[in-house]
There are 2 protein chains.
Amino acid sequence: MVTIRDVAKKAGVSVATVSRVLNDNGYVGADTRKKVMKAIEELNYSPNEVARSLYKRESRLIGLLLPDITNPFFPQLARGVEDELSESGFRLLLGNSDEHVQKEMDYIQTFIQNNVVGIISATNHVDYHIYNEVKTPLVLLDRTTDNHPAVYADGREGGRLAARTLIEKGSRKITILKGPAHIKPARDRFQGAIEELSQAEVDFSVLSTTSYSFEEALGWAKELFEQFPDTDGVIASNDIVGIAAIHEALKRGKRIPEEVQIIGYDDIPQSRLSYPTLTTIRQPAYEMGREAARLLITMIRKETVTQSTIQMPVELIERDTTRKG
Amino acid sequence: MVTIRDVAKKAGVSVATVSRVLNDNGYVGADTRKKVMKAIEELNYSPNEVARSLYKRESRLIGLLLPDITNPFFPQLARGVEDELSESGFRLLLGNSDEHVQKEMDYIQTFIQNNVVGIISATNHVDYHIYNEVKTPLVLLDRTTDNHPAVYADGREGGRLAARTLIEKGSRKITILKGPAHIKPARDRFQGAIEELSQAEVDFSVLSTTSYSFEEALGWAKELFEQFPDTDGVIASNDIVGIAAIHEALKRGKRIPEEVQIIGYDDIPQSRLSYPTLTTIRQPAYEMGREAARLLITMIRKETVTQSTIQMPVELIERDTTRKG
DNA sequence: TTGAAAGCGATACCAC
DNA sequence: GTGGTATCGCTTTCAA
């Protein structure tokens, strides 16, 4: 391993000088600088981040905590976060929490142990006390509490929009798939949808689901059509379930959107690939990730944060599982 | 920040002793230990990984380099890697390379700068010289070269299997979608498929694609049926493209699998959700991730590695885009 | 403009 | 069994 001492020796200067040229601060004579640069080049030296981090008591690492990278919504978030952060020279320490308090705490702890300069968390236990003890800047992503900066999409409005769309396009017996109760955004959407449905002249039923997993999605879809066979409009808890609903509807010979309309949530990439393509409420996941990263960076830089909770707009993406016009 | 000195002071012992109980080595008297534990507890102390890493010249971090977490195959890999590693107390430093040499090199460098104990890479430029300069244990995932330990699936056999399946089930005019030329596993599959097709009594055509992106998948599918309208069997370069092909076929009123059979590759979770469900060649992505992590860990522990390149089996998953029997 | 030296928070050697 | 202390590679004060 090449260290700063090797460089100093080779350049015939002290380590202090090398450090100065590395960090580009303090006075360094023009030709001294040149000598040092040359030595760095020749030795192919790059500074040890760990030593730097130890002294400065902060690294260039950011902790990112996700519920489950395997759920297609989160890679989008993660990608947005990474793209934005890496432009500023930060790197990602990643953890999946599986919505498991213990795992979550473990990761938060390693983040701290590794001197991360900031944390972005998209998990459910944000109200858990450990978050209040975190001293490094923290941004919640796709979640909210009253205590922390956050970037999230307007779930309530999303739910309303979904319901309104189905109603306007003529569904009269709507079944709403309620997402996992412990996930806040899922509750918001549900609430929004219920608001809209309650004040409209339509029948509606609720089917509660307990997960977003691929394995179970088809199960929920099946249950949906078994329990409510005359459903002519489905508000899915997310696109995965929405796509499963398409599957199940077609399997039962129902025509989409003539007999059943289906609307999803998230607008994950694959919702464009289903047949028929899935109408859905878009959350700008990638942009949310970027936005969260941006917010975190300003906090890290101790610049004034004009807005510490950023609500991103949701948007109706009309595709082929709802009727035209 | 609570340091080892605080603990030492509170417990009325030296830092050396605290260190001993922390790492559970060396002699420590029973009640001294107890005192120290108590102090640790009360101060809610947890050791600074950075300092530890600096002294030991190795962290507990593992670098994971992926082409693009947004492609649904990779989260599976990543999850497998993480689950296995975290059980042994390692944490993940994540990077997306976008199959971009520069990004790849940058990440490899930060990995090294952060004292990672090992690297798992699923990118394309593994033959690039930088990998030969990496001193920390390195495992390639879903890729191979002659120089490095690797975990990958048998792409050639997968390609053969895909082709053989379509042929056996009666397709006579097969179109094969050739994946991006710069991706080795894609080439392997293609080669396997071609082998099988060449020696069978079937017509076949090739359509070259240049990416795996969602955006373009529908484009390839459209092109496929435009250029080769009498195709009765499609070998897709992966499941994304496979699902897009289903979409396009249905759109054109083709019955699946009666008029066109379609076979995908990967067995990503959503291939079970399409309608009809996608027949595909399964790569055990999650297990591959775990296996790579396991291999890396044995290398890190300097235990003897019995097998440094692990080829995982591929498997035909028969679903509804191919004919029965 | 440069260098010597004191840390940063751990670990581990050596002495007692 | 326990403590003192050099050390890891870097940054930053302070003096020259």
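Residue numbering restarts at 1 for every chain, and letters A, B, ... go by the order of the sequence lines.
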Scan A:V18 against the nucleic acid and name what it touches under 4.0 Å (heavy atoms): base, sugar-phosphate only, or nothing. nothing
Any side-chain N or O of A:S14 below 4.0 angstrom from OP1/OP2 of C:dT2? no
Calculate the interatomic distance between A:Y27 atom OH and D:dC14 atom P; express it in whole Å. 16 Å
Record whether the side chain of B:R20 comes under 3.5 Å of the base of D:dG3 through a donor-acceptor pair of N or O atoms. yes
Within less than 4.0 Å of OP1 or OP2 of C:dA12, is there a side-chain N or O belonging to B:N23? no
Roughly how many Å is it from NZ in B:K34 to P in D:dT2, rounded to a whole number? 13 Å
Gap between atoms NZ and C1', on A:K35 and C:dT1 respectively (whole Å): 12 Å
Assuming nearest nucleotide by heavy-atom distance, tell me which of A:V2 and B:G29 is located more 5' along DNA chain D. B:G29
Per A:V13 side chain, nearest of listed nucleotides D:dT5, D:dG3, C:dG3: C:dG3
How close do B:V15 and B:R5 get, counting heavy atoms only, and between which atoms? CG1-CA, 3.9 Å
Indicate yes or no: at least one non-hydrogen side-chain atom of B:H125 is less than 4.5 angstrom from one of B:K103. no
Select base, sugar-phosphate, or nothing to describe what B:R5 touches, counting heavy atoms under 4.0 Å on all strands. nothing
Roughly, in whole Å, what's the span from CD1 in A:I4 to P in C:dA4? 14 Å
Rounding to a whole Å, what distance do you find between A:D24:CG and D:dT11:P? 12 Å
B:Q283 and B:D142: side-chain contact (heavy atoms from CB on, under 4.5 Å), yes or no, with the steps? CA-CA 10 Å; B:Q283 298 196 75; B:D142 188 39; 3.9 Å; yes
B:S19 side-chain N/O to C:dA10 phosphate OP1/OP2 under 4.0 Å: no
Would you jot down, in residue-number order, the residues of residues 41-63 of chain B having a non-hydrogen atom under 4.0 Å from DNA chain D? B:L54, B:Y55, B:R57
Do the side-chain N and O atoms of B:Y131 and B:S121 include a donor-acceptor pair separated by under 3.5 angstrom? yes
Return the set of residues passing side-chain contact (heavy atoms from CB on, under 4.5 Å) with A:Q307 (not counting sequence neighbours), or none when no residue passes. none
Going by the side chain to side chain contact (heavy atoms under 4.5 Å, CB included) test, name the single residue among B:V116, B:L94, B:N96 that passes it with B:L64. B:L94
Decide side-chain contact (heavy atoms from CB on, under 4.5 Å) for B:R91 and A:Y107; before the verdict, give the C-alpha distance in whole Å, the side-chain angles of both, and the deciding distance to 0.1 Å. CA-CA 9 Å; B:R91 300 279 122 128; A:Y107 272 111; 3.5 Å; yes
Rounded to whole Å, the CG-P distance (B:N25 to C:dA10) equals 15 Å
Which sits closer to the 5' end of DNA chain C, A:G26 or A:V15, going by the nucleotide each is nearest to? A:G26
Whole angstrom value for the distance that separates C1' of C:dG9 from CG of B:L22: 12 Å
Let me know the distance between CG of A:D31 and P of C:dT1, rounded to the nearest Å. 10 Å
